[in-house]
Amino acid sequence: MLDVQTLRNDIHNVASKLRERRGFTLDVNAFVSLESARKTVQSDTEHLQAQRNAISKEIGHAKKNGDDQKASDLMAQVSEFAGRLKSNEDTLSELQSKMRDLLSGIPNMPNDSVPIGKSEEDNVEVRKVGVPRSYDFEPQDHVDIGEKLGMLDFERATKITGSRFSIMMGEMACLHRAIAQYMLDTHTRRHGYTEIYTPYLVNADSLFGTGQLPKFEEDLFAIPLTDEQKFYLIPTAEVPVTNIYRGEILNGDDLPTKFVCHTPCFRSEAGSYGRDTRGMIRQHQFDKVELVQFSHPDHSYDQLEALTGHAESILVDLDIPFRTVTLCTGDMGFSSTKTYDIEVWLPGQNAYREISSCSNFEAFQARRMQTRFRVGQGKTEFVHTLNGSGLAVGRTLIAVLENYQRQDGSVEIPQVLKGYMGGVEVIEPH
RNA sequence: GGAAGCGUGGCAGAGCGGUUGAAUGCACCGGUCUUGAAAACCGGCAAGGGCGUGAGUCCUUCGUGAGUUCGAAUCUCACCGCUUCCGCCA
């Protein structure tokens, strides 16, 4: 959520920036008329409330003094405007909720350092690490590798549930687990994150806090509880982890606070019917190790660089080539002010594919969640929130399979994962 | 799932229709004292919002929402959460 104050003071500037950078049309007239109505109604309402409070106090005095005549006179005075007060209060809360709806649908404002563009074509590469190795055979993709090993099964997963699910078996399931373990250990031991375990089902308030609701409900899996209430399967650990401090005021001396969390993620993938239908690239369920930080506003961009580096270090350790790009304004997520995507090299696709997305949200989520901090006796201020995948586990598995494949169909285990594989150095077909 | 009880400021804990935004204690901040610290004493200490250049002023908030009332932390209803006992269970 953007700061209402900024919109009040500078609506035209905000609108033109949003149009230019987001292609988002802010309804200036709607805002201005809503705001001016709010102003009038709020001022009237509060005036009447003050009047009522003052008279009520007097009634209290009168009753205490046994002056019943005066008390009933005063009550009559209140009843003269009681109806007007009530209808004013109703109108005000209606206007306020309209304003909230309007505000919560406005995307975040990209940072000035973000390249302006329309689509992923306009993203800017900031670095490329490692060189794709050359193979003296035709490299296969992870589907062929996995199925030939007899350890990857899409058909049975489809039978059990439906499309876009998969089953891993034996050493591949173990490798998947090893990757997640390795990531958790690295981020906790080397990068100073606190490991955290959270619910996989969350309520609507949490999803509002991080910005998935109200606009992106169709991307989520929902579980109805009652007519009123439902839970949602988390689309990313970002949601439960970022919301742990919803409605809280943190001690500024504790910032930055850094969490790492390994969870399954569930996405309905509505609107991507034709895309990545082969293999494990785009599933309804996948594991991810997520990095989340709560930062002082002065340091959040430094923290974004650091966090992105933490994610990248996993691929450096695995010795798998990748490149990092700055997403252009048109390709960024709704809540973000700046995002780096890390794209891993996949020989089977002969392409770099997204494996991590690292973003700064500044105060956008904090404002929705009411997460603030205070230094000493100072004023409260919204924290900045950041997060990034460190990394997507399933896609990392794909990258290992494809980058470490051999001509005979076996797959070598990367050096740093060997300790997690119980002595297995190479995955061989059965 | 059944029964009972409870949700108040950073924490503990009063208040149970009227100058209560809320006693008291702890914590925290400032001061006096002290070589320094501790103790003691004095003072301060919720958040959000409106209007105002400002001093300031007004409104809202005692789990959430609705209601009763001139007035609600206090009464009513619903929901959420927590605790204890019984049942069930990884």
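Naming: A, B, ... by sequence-line order, numbering from 1 per chain. What's counted below: heavy atoms across the whole structure, side chains too, no hydrogens, waters or symmetry copies. Here the structure is a predicted model, which means the values were calculated and not measured.
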Query raised in the report: Nearest 0.5 Å, what's the CZ-CD distance between A:F259 and A:E238?
Result: 14.5 Å

Query raised in the report: In terms of ring plane angle, is the pair A:F334 and A:F364 parallel, tilted or perpendicular, where the classes change at 30° and 60°?
Result: perpendicular

May I ask you to evaluate whether [X] reaches the phosphate of [N], defined as a side-chain N or O under 4.0 Å from OP1 or OP2?
| X | N | value |
| --- | --- | --- |
| A:N53 | B:rC58 | no |
| A:R374 | B:rA47 | yes |
| A:K39 | B:rC51 | yes |
| A:R52 | B:rC59 | no |
| A:Q5 | B:rG50 | yes |
| A:T380 | B:rG48 | yes |

Within this structure, what is the [atom1]-to-[atom2] distance between [X] and [N], rounded to whole angstrom?
| X | N | atom1 | atom2 | result |
| --- | --- | --- | --- | --- |
| A:N9 | B:rC51 | CG | P | 10 Å |
| A:I249 | B:rG9 | CD1 | P | 12 Å |
| A:N203 | B:rU64 | CG | P | 16 Å |
| A:M369 | B:rG48 | CE | C1' | 17 Å |
| A:N88 | B:rC59 | CG | P | 15 Å |
| A:E89 | B:rC58 | CD | C1' | 14 Å |
| A:R368 | B:rG48 | CZ | C1' | 19 Å |
| A:Q49 | B:rU61 | CD | C1' | 12 Å |

Query raised in the report: When we call it a touch if two heavy atoms are under 4.0 Å apart, what does A:H47 touch: a base, just sugar-phosphate, or nothing?
Result: nothing

Report task. Classify the nucleic acid contact of A:L74 as base, sugar-phosphate or nothing, counting any heavy atom under 4.0 Å across all strands shown. Result -> nothing

Which nucleotide, [options], lies nearest any side-chain atom of [X]?
| X | options | value |
| --- | --- | --- |
| A:R372 | B:rC59, B:rA47, B:rG67 | B:rA47 |
| A:K63 | B:rG50, B:rG67, B:rG18 | B:rG18 |
| A:E46 | B:rG48, B:rU19, B:rG49 | B:rG49 |

[atom1] spacing across the pair [N] / [M], given as an integer number of angstrom:
| N | M | atom1 | answer |
| --- | --- | --- | --- |
| B:rU64 | B:rU74 | P | 11 Å |
| B:rG56 | B:rG5 | P | 48 Å |
| B:rA90 | B:rA3 | P | 25 Å |
| B:rG65 | B:rG81 | C1' | 15 Å |
| B:rC33 | B:rC42 | C1' | 11 Å |
| B:rC51 | B:rC62 | C1' | 27 Å |

Query - Side-chain donor/acceptor of A:N243 to backbone N/O of A:R246, under 3.5 Å - result: no

**Report entry** Donor-acceptor contact below 3.5 Å, side chain A:T337 vs main chain A:N360
**Finding:** yes

Query raised in the report: Can you name the nearest heavy-atom pair linking A:N387 to A:F361, along with the distance?
Result: ND2-CE1, 3.0 Å

Query - Lys/Arg-Asp/Glu bridge criterion (N-O < 4.0 Å) met for A:R353, A:D276 - result: yes

Requested in this report: With A:R282 as the cation and A:F165 as the aromatic partner, state whether NZ or CZ is under 6.0 Å from the six-membered ring centre and within 45° of the axis.
Outcome: no

Report task. Using the ring of A:F286 (Phe, Tyr or Trp, six-membered ring only), decide whether A:R395 places NZ or CZ under 6.0 Å from its centre and within 45 degrees of its axis. Result -> no

Report summary line: Stem ranges of RNA chain B by first residue number, counting only runs of at least 3 Watson-Crick or G-U pairs under 3.5 Å, come to B:1-7 with B:80-86, B:10-12 with B:24-26, B:28-32 with B:40-44, B:46-51 with B:56-61, B:63-67 with B:75-79

